[in-house]
Protein chains: 2
Amino acid sequence: MDPHDLHIPRETVSLRQQVTDRLREAILYGGFEPGEKLIERELCDRLGISRTLLREALQHLQAEGLIVTVPHKGPSVARITEEEAREIYQVRGALEALAAEGFARHAPDAQVRRLRLHLNYLHTPDAAANILAAKNGFYDILLEGCGNRVVGKILTQLNNRITLLRRYSLSHPGRLPETLRELAEVVSAIEARDPEAAGRLCALHVARAAEVVAKGFAAATQPHT
Amino acid sequence: MDPHDLHIPRETVSLRQQVTDRLREAILYGGFEPGEKLIERELCDRLGISRTLLREALQHLQAEGLIVTVPHKGPSVARITEEEAREIYQVRGALEALAAEGFARHAPDAQVRRLRLHLNYLHTPDAAANILAAKNGFYDILLEGCGNRVVGKILTQLNNRITLLRRYSLSHPGRLPETLRELAEVVSAIEARDPEAAGRLCALHVARAAEVVAKGFAAATQPHT
DNA sequence: TCTCACATTTTGTCTGACAATCTGTCAATC
DNA sequence: GATTGACAGATTGTCAGACAAAATGTGAGA
């Protein structure tokens with residue numbers, strides 16, 4: 001981009017960094033259950049690293065809210081309570097609105113087009129096969145173009161925590177069409193360069209998603225009604 | 001409260017936790033400069049702990065954004081760029097609005113009164129002596145009563161990062177009266193149980209504070225204009 | 001003054017250790 | 001048979017020391 005930027009990206013990714021990323025990935029998509037106990041020695045063996053390093057990585061993930069540690073009982077995958085989920089969705093609503101607003105205001109036209117393209121892609125059966133990753137792709141574009149990396153980072157972390165609830169939220173797969181319709185409205189507002197509308201629609205979208213999750217919780221707690 | 005809740009609060013605070021807190025405190029209020037290099041062995045000696053433990057604490061603080069680590073150069077106190085500060089204030093605006101809104105909606109009357117009392121306290125010379133701590137007290141009440149602990153945690157972290165800029169923002173000490181006026185308006189809206197107004201006023205307050213910091217930045221970069 | 005080789009410092013990671021605590025088991029008791 | 005208690009094993013919390021790799025500082029030589 002900037003011809004003056006001769007910065008060479010330092011490709012040295014410390015082992016610790018890799019461990020942290022791997023572990024995060026494993027917790028989010030690798031079949032660990034919320035509440036599951038993480039036994040250090042076992043993880044060390046599976047990752048092929050020392051306990052020192054593992055514990056550093058665990059500290060990082062703890063700060064991200066993905067694991068919790070009880071003294072002398074050790075780390076376990078975080079449990080998201082219903083209330084906490086509601087709170088997270090509330091924050092997410094406010095911040096995604098901010099992101100959409102920023103995107104409508106600052107993103108270059110090319111990026112707006114990319115967003116539209118990705119939305120189209122979301123309609124394909126290809127995307128439906130791995131809808132989680134596909135939706136994340138959409139958000140990645142949104143966060144990248146909103147001109148506020150801080151909001152991006154926070155939303156990513158919140159999103160990770162919500163991913164722990166996959167169990168509940170994916171129990172309503174029928175919502176996809178609505179989701180796409182809502183996102184389409186957001187994209188339209190962005191194309192119209194109407195930040196206020198984009199923000200409002202985005203917040204609305206999140207609020208709807210929150211409702212679905214709340215229902216998922218209710219269904220999980222009282223399964224036979 | 002609940003007579004069935006016989007839970008005994010586990011007072012065991014792990015040494016690591018204490019180290020993390022101490023270190024955070026030291027970075028925020030203990031005279032470390034943004035960008036200052038943190039030498040592990042030295043900190044170990046000063047804290048009287050092993051390197052193992054120190055590095056775990058550092059990982060935690062790194063995840064909180066208070067320190068950054070360059071491979072093979074080690075940790076240093078994070079530097080907040082002007083752009084990042086702007087971004088943080090933007091997020092803070094959105095989230096504090098959310099908090100004020102929630103407070104106006106959910107906080108019991110007693111807590112609203114506590115907020116008003118603390119606002120009055122902020123006018124005393126006693127509070128002015130340590131205005132940073134006094135203002136934090138105000139926010140603590142706000143965050144406690146807003147009914148959303150997630151927002152509280154995020155705002156605390158953002159606030160910590162902003163504290164690293166103390167240098168710039170405190171260069172405008174004359175703003176205190178305005179600050180108090182703005183906060184008074186927020187409290188009034190809360191007392192009137194008008195969430196929408198409380199949120200809007202709170203966001204406005206943050207936006208004003210952001211301007212001041214931006215000016216502080218400008219003054220620091222071009223000192224002689 | 002600049003440059004380059006070298007010594008020193010600091011980081012990244014590993015290993016092994018040990019006390020404190022938790023957990024599971026199994027016998028003794030009611 | 002259910003409960004209790006004691007004990008052994010597993011796991012965590014923390015330390016000390018080690019060593020290679022990289023960064024930094026230093027002094028000799030151009």
Side-chain angles (χ1 to χ4, degrees), chain A residues 6-27 32-79, chain B residues 6-27 32-79:
Chain A
L6 297 180
H7 183 74
I8 293 176
R10 164 90 41 179
E11 84 284 12
T12 311
V13 182
S14 73
L15 186 54
R16 178 185 58 232
Q17 185 62 47
Q18 297 178 53
V19 170
T20 308
D21 293 342
R22 263 274 179 75
L23 213 46
R24 189 189 296 109
E25 191 91 5
I27 288 172
F32 286 91
E33 304 288 317
E36 181 173 347
K37 199 157 176 314
L38 301 172
I39 292 153
E40 298 183 354
R41 206 77 71 160
E42 188 185 317
L43 288 178
C44 290
D45 292 346
R46 278 167 65 176
L47 289 162
I49 53 162
S50 69
R51 207 149 76 92
T52 311
L53 213 46
L54 177 76
R55 286 177 61 95
E56 287 183 16
L58 287 176
Q59 269 314 108
H60 201 106
L61 295 178
Q62 182 175 349
E64 288 183 13
L66 290 183
I67 71 175
V68 297
T69 305
V70 180
H72 287 284
K73 287 194 63 178
S76 54
V77 179
R79 271 203 175 88
Chain B
L6 297 180
H7 184 74
I8 293 176
R10 167 87 46 177
E11 84 286 11
T12 311
V13 182
S14 73
L15 186 54
R16 180 185 57 232
Q17 184 63 47
Q18 297 178 53
V19 170
T20 308
D21 293 343
R22 263 272 179 76
L23 212 46
R24 188 190 296 111
E25 191 91 3
I27 289 173
F32 287 90
E33 304 288 317
E36 181 174 348
K37 199 156 176 315
L38 301 173
I39 292 153
E40 298 184 354
R41 206 77 69 160
E42 189 185 317
L43 289 177
C44 290
D45 292 346
R46 278 167 64 176
L47 289 162
I49 53 161
S50 69
R51 207 149 76 92
T52 310
L53 213 44
L54 177 75
R55 286 176 62 94
E56 287 182 17
L58 288 176
Q59 269 313 109
H60 202 105
L61 295 178
Q62 182 175 350
E64 287 182 13
L66 290 183
I67 71 174
V68 296
T69 305
V70 180
H72 288 284
K73 289 193 64 181
S76 55
V77 178
R79 270 203 175 88

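Convention: sequence-line order gives letters A, B, ...; per-chain numbering from 1. Below, each value reflects all heavy atoms present in this structure, side chains not excepted, and no hydrogens, waters or symmetry copies.
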Atom pair distance, as rounded to whole Å: CD1 in A/Ile39 and P in C/dT23 = 11 Å
Look at the side chain of A/Arg41 and decide which nucleotide, out of D/dT14, D/dT12, C/dT11, has an atom nearest to it.
-> D/dT12
Any idea which heavy atoms bring B/Ser76 and B/Gly35 closest together, and the distance?
-> CB-O, 3.9 Å
Taking the side chain of A/Arg55 as heavy atoms from C-beta outward, which of D/dC15, D/dT14, C/dT13 is closest to it?
-> D/dT14
Pick out which of A/Asp21, A/Val19, A/Ile27 makes a side-chain contact (heavy atoms from CB on, under 4.5 Å) with A/Leu61.
-> A/Ile27
What integer distance in Å separates A/Leu58:CG from D/dT14:P?
-> 14 Å
What is the distance, rounded to the nearest whole Å, between atom CG of B/Leu15 and atom P of D/dT14?
-> 5 Å
In whole angstrom, what separates A/Asp45's CG from D/dT11's P?
-> 11 Å
Tell me: NE2 of B/His72 to C1' of D/dA20, nearest whole Å?
-> 10 Å
For A/Thr52, answer base if it contacts any base atom (sugar-phosphate contacts may also be present), sugar-phosphate if it contacts only those atoms, and nothing otherwise; contact means non-hydrogen atoms under 4.0 Å.
-> base
Counting side-chain heavy atoms from C-beta on, which of C/dT15, C/dC22, D/dT14 comes nearest to A/Arg51?
-> D/dT14
Taking atom CZ of A/Arg24 as the centre, does the number of heavy atoms from other residues, nucleotides or ligands within less than 6.0 Å exceed 12?
-> yes
Closest heavy-atom pair, B/Leu54 versus B/Glu40, reported as atoms and distance to 0.1 Å, is CD2-O, 3.4 Å
Selected nucleotide, minimal atom distance to A/Pro75 side chain, candidates D/dC15, D/dT24, D/dT12 = D/dT12
Between CG of B/Leu54 and P of C/dT13 the distance, given in whole Å, is 15 Å
Nearest-nucleotide check on DNA chain C, B/Leu38 vs A/Gly48; residue mapping nearer the 5' end is B/Leu38
Round to a whole Å and report the spacing from CD of B/Glu56 to P of C/dT13.
-> 14 Å
OP1 or OP2 of C/dT11 under 4.0 Å from side-chain N/O of B/Lys37 | yes
A/Lys73 vs D/dG13: side-chain N/O to OP1/OP2 distance below 4.0 Å | no
Looking only at side-chain atoms of B/Ile49, point me to the closest of D/dT14, D/dC15, D/dT12.
-> D/dC15
Sequence-distant partners of B/Thr69, side chain to side chain contact (heavy atoms under 4.5 Å, CB included), two or more places apart = A/Arg16, B/Gln62, B/Pro75
Expressed in angstrom and rounded to an integer, what is the separation of B/Arg16 atom CZ from D/dC15 atom C1'?
-> 14 Å
B/Glu40 has a side chain; which of D/dT14, D/dT12, C/dG12 sits nearest to it?
-> C/dG12
